[in-house]
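The structure appears below as structure tokens.
Everything numeric here is computed off the predicted structure, so don't read it as measured data.
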Amino acid sequence: MRFLRRGADSGARPGWRSLRVRLVLFVSVTLAVVCAAMALTTVYVQRVYLLGDLDQRVTNAAERGQGGLQRRTGGATDLGFLNERGQPTGTLAARFADGEVIAAEVVTEDGRQQVLGAAQRAALKGISPDGSLHTRTVPGLGTYRVTAIGGDGVPVLAGLPMDDIQQVIDRLVVLEAVIAGVGLSAAACACAVVIRRQLRPLGRVAATAAEVARVPLNRGEVAGLARVAEGDTDPGTEAGQVGAVLNRLIDHVEASLAERQRTEQRMRRFLTDASHELRTPLASIAGYAEFMNGGSTTIEPELAWHRVSAQSARMTDLVEDLLLLARLDEGRPLRRAEVNIATLVAEAVWDAQAAGSEHDWQLALRLDTPVTVVADPSRLHQVVANLLANARIHTPAGTKITVIVEAATGADADPATARHCVIRVRDNGPGIPPELLPTVFERFTRADASRSRASGKEGGSGLGLAIAAAITEAHGGRIEVASEPGCTEFSVTLPLGV
């Protein structure tokens with residue numbers, strides 16, 4: 001698919017890793033192996049056949065020579081049977097005595113007999129007159145297939161040259177090589193044409209995917225994305241299956257983006273409206289506080305100021321949280337500085353312990369060396385504080401809350417770039433209901449009805465975990481939760497500073 005996409009985008013020629021090239025190579029190599037196997041088999045069978053025929057002729061020549069001796073009256077060195085009709089050119093004959101060649105001649109091209117020299121006769125030594133076939137190279141004459149037959153009198157050796165067989169085999173090899181080369185070239189060209197045509201629908205599918213990939217999906221309204229043509233979505237073909245799946249994927253992406261856009265618009269509108277709505281009661285509370293400070297006897301000033309201050313602080317915090325989320329949604333940059341993670345977490349735990357002394361607070365720093373992260377100190381402190389406040393508010397008194405800070409290195413990545421630190425906030429409270437876990441980091445998600453709280457404590461606004469998740473993601477990290485009755489753990493993973 002990578003080649004097809006490059007080809008659709010820039011018209012680049014296919015590389016050796018492309019599907020088209022690999023298919024042509026695979027088919028060509030397969031055909032070459034098959035042709036080679038067939039050629040070798042043919043050569044082997046033809047050689048066995050020709051060699052068997054030659055062996056039969058050699059045996060027949062030896063038998064004729066032995067029969068001729070029985071009818072002739074010559075001595076022990078008589079090879080006159082070579083003069084008989086039917087002896088082909090190159091026929092070799094010899095006679096033995098006590099294992100030594102005592103006479104050896106060969107039929108020349110003009111039909112006469114030529115006596116073999118000492119070196120030529122030496123090449124015929126060691127052949128037993130038992131009728132077995134042997135291959136010997138006779139100097140000046142070439143390679144021969146020979147056999148020796150005993151009988152009454154001196155044994156007779158006969159042989160025929162193998163040059164004709166070798167010439168036939170050589171010509172057969174050359175002919176098969178030429179035929180195979182021409183056939184493989186034609187087959188490769190045909191395969192290239194057929195495969196290219198068959199992959200055209202896949203190329204059009206890749207072009208559609210590339211066109212969709214060029215659309216900026218991360219901003220603005222996304223609608224009317226390109227689709228694969230109906231002709232390229234036939235489920236009966238592999239390319240059609242890919243096209244049909246891609247169309248469904250594009251439909252899903254388009255619907256998801258539209259829903260996300262609607263959700264973001266509703267959320268931004270809500271945050272803006274909520275911020276403006278909350279500013280009005282804040283102004284009223286401030287005015288009421290001034291009125292009470294002027295000497296009104298309707299309500300005790302101390303109680304009035306206490307309520308006004310408490311509600312003002314709470315509403316102000318809510319407004320600030322909403323504005324912070326809006327700023328994070330807009331992608332505004334955070335302040336960056338090197339932060340000692342151990343010091344920051346320790347300070348947050350001390351603050352939480354002061355606010356919730358009825359809980360059992362534990363801090364575990366599993367760090368061999370000081371660890372720093374490049375982050376916004378105040379926002380990162382807010383993440384830890386929100387997690388601690390969430391654990392304190394939603395668990396009963398006496399709950400053990402353990403905060404762990406540790407450094408870890410990715411096992412499958414370069415340690416220089418994959419190192420990160422993890423902050424874990426663990427409690428042994430009642431846990432988060434399973435149906436609430438998928439939405440626990442969404443805005444305005446409340447667990448008051450499902451998790452225990454100490455008496456008299458108010459529930460949060462439902463923004464604490466959403467803010468923690470948004471800030472963590474803005475720092476290039478991630479936040480996760482795992483919960484079951486008796487053990488709830490939030491983990492914040494942040495990349496370490498260089």
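Looking only at distances, no side-chain donor or acceptor of D360 sits under 3.5 Å from a matching main-chain atom of K400. Side-chain atoms of R136 never come within 3.5 Å of backbone atoms of H134 as a donor-acceptor pair (strictly under, hydrogens ignored). Under a 3.5 Å cut-off, the side chain of D427 and the backbone N or O of A391 do not form any donor-acceptor pair. When atom types are taken as modelled, the side chain of E489 and the backbone of V425 share no donor-acceptor pair closer than 3.5 angstrom. Distance alone, capped at 3.5 Å, is enough to place a donor-acceptor pair between the S483 side chain and the I432 backbone.
Side chains of T493 and I479 form no contact here, defined as non-hydrogen atoms less than 4.5 Å apart. Considering only heavy atoms from C-beta on, R260 comes within 4.5 Å of L257 through its side chain. I169 places a side-chain heavy atom less than 4.5 Å from the side chain of V43. Looking at heavy atoms from C-beta onward, L494 lies out of side-chain contact with H420 at the 4.5 angstrom threshold. Side-chain contact between I404 and R366: present, with at least one pair of heavy atoms (C-beta onward) separated by less than 4.5 Å. A heavy-atom distance below 4.5 Å is found between the side chains of V405 and I341. When side chains are defined from C-beta on, I471 counts as touching Q382, because their heavy atoms get closer than 4.5 Å. Contact annotation: the side chain of L50 approaches that of V168 to within less than 4.5 Å [non-hydrogen atoms, C-beta and beyond].
Atom CD of residue E254 and atom CG of residue L249 lie 11.5 Å apart, to the nearest 0.5 angstrom. We find the CG-CD distance between L436 and E442 to be 9.5 Å, quoted to the nearest 0.5 Å. Rounding to the nearest 0.5 angstrom, the gap separating the CG atom in N428 from the OG1 atom in T488 is 9.0 Å. Within the model, atoms SG of C421 and CD of E406 stand 9.5 Å from one another, a figure rounded to the nearest 0.5 Å. For the atom pair L496 CG and E338 CD, the distance stands at 11.0 Å (nearest 0.5 Å). Of the inter-residue distances, the one linking L51 atom CG with Y44 atom OH reads 10.0 Å to the nearest 0.5 angstrom.
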Atom pairs and distances, side-chain donor-acceptor, residues 344-357, under 3.5 Å, sequence neighbours left out:
none

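Counting all heavy atoms, side chain and backbone alike, P495 lies closest to V373 at O-CG1, 3.6 Å. The two atoms that bring M162 and L54 nearest to each other are CG-CD2, 3.7 Å, heavy atoms only. Minimum heavy-atom separation, I250 to A226: CD1-O, 3.3 Å. The shortest heavy-atom contact between A468 and N386 is N-ND2, 4.3 Å. The minimum heavy-atom distance between A188 and V24, with the atom names listed, is O-CG1, 4.2 Å. Listed here is the closest heavy atom pair of C35 and L184: SG-CD2, 4.2 Å.
For CZ of R327, the number of neighbouring non-hydrogen atoms (other residues, nucleotides, ligands) closer than 6.0 Å is greater than 12. Heavy atoms of other residues, nucleotides or ligands lying less than 6.0 angstrom from CZ of R227 number more than 12. Atom CD of Q241 is surrounded by more than 12 heavy atoms from other residues, nucleotides or ligands within 6.0 Å. More than 12 heavy atoms of other residues, nucleotides or ligands shown are found within 6.0 angstrom of CZ on R336.
Among residue pairs with one or both ends in residues 463-481, none qualify as side-chain hydrogen bond (donor to acceptor under 3.5 Å, both in side chains); sequence neighbours excluded. The side-chain hydrogen bond (donor to acceptor under 3.5 Å, both in side chains) pairs that include a residue from residues 169-182 are Q166-D170, where partners are two or more places apart or lie in different chains.
A donor-acceptor pair shorter than 3.5 Å can be found between the side chains of R145 and T135.
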request  = Start with the C-alpha gap between V383 and V492, add the side-chain angles, then the distance that decides, and say whether side chain to side chain contact (heavy atoms under 4.5 Å, CB included) holds.
outcome  = CA-CA 9 Å; V383 171; V492 177; 4.2 Å; yes
task = Go through the steps for W361 and T402 under the test side chain to side chain contact (heavy atoms under 4.5 Å, CB included), then give the verdict.
result = CA-CA 6 Å; W361 298 91; T402 304; over 6 Å; no
request  = List the steps, then state whether side chain to side chain contact (heavy atoms under 4.5 Å, CB included) holds for F490 with N390.
outcome  = CA-CA 10 Å; F490 287 86; N390 180 75; 3.7 Å; yes
inquiry  = As a quick check of understanding, evaluate side chain to side chain contact (heavy atoms under 4.5 Å, CB included) for V228 and R204, giving each step before the final call.
reply    = CA-CA 8 Å; V228 179; R204 291 192 291 268; over 6 Å; no
query = Taking it one step at a time, do E358 and R392 satisfy salt bridge (Lys or Arg N to Asp or Glu O under 4.0 Å)?
reply = CA-CA 9 Å; E358 69 279 5; R392 173 176 57 84; 5.6 Å; no
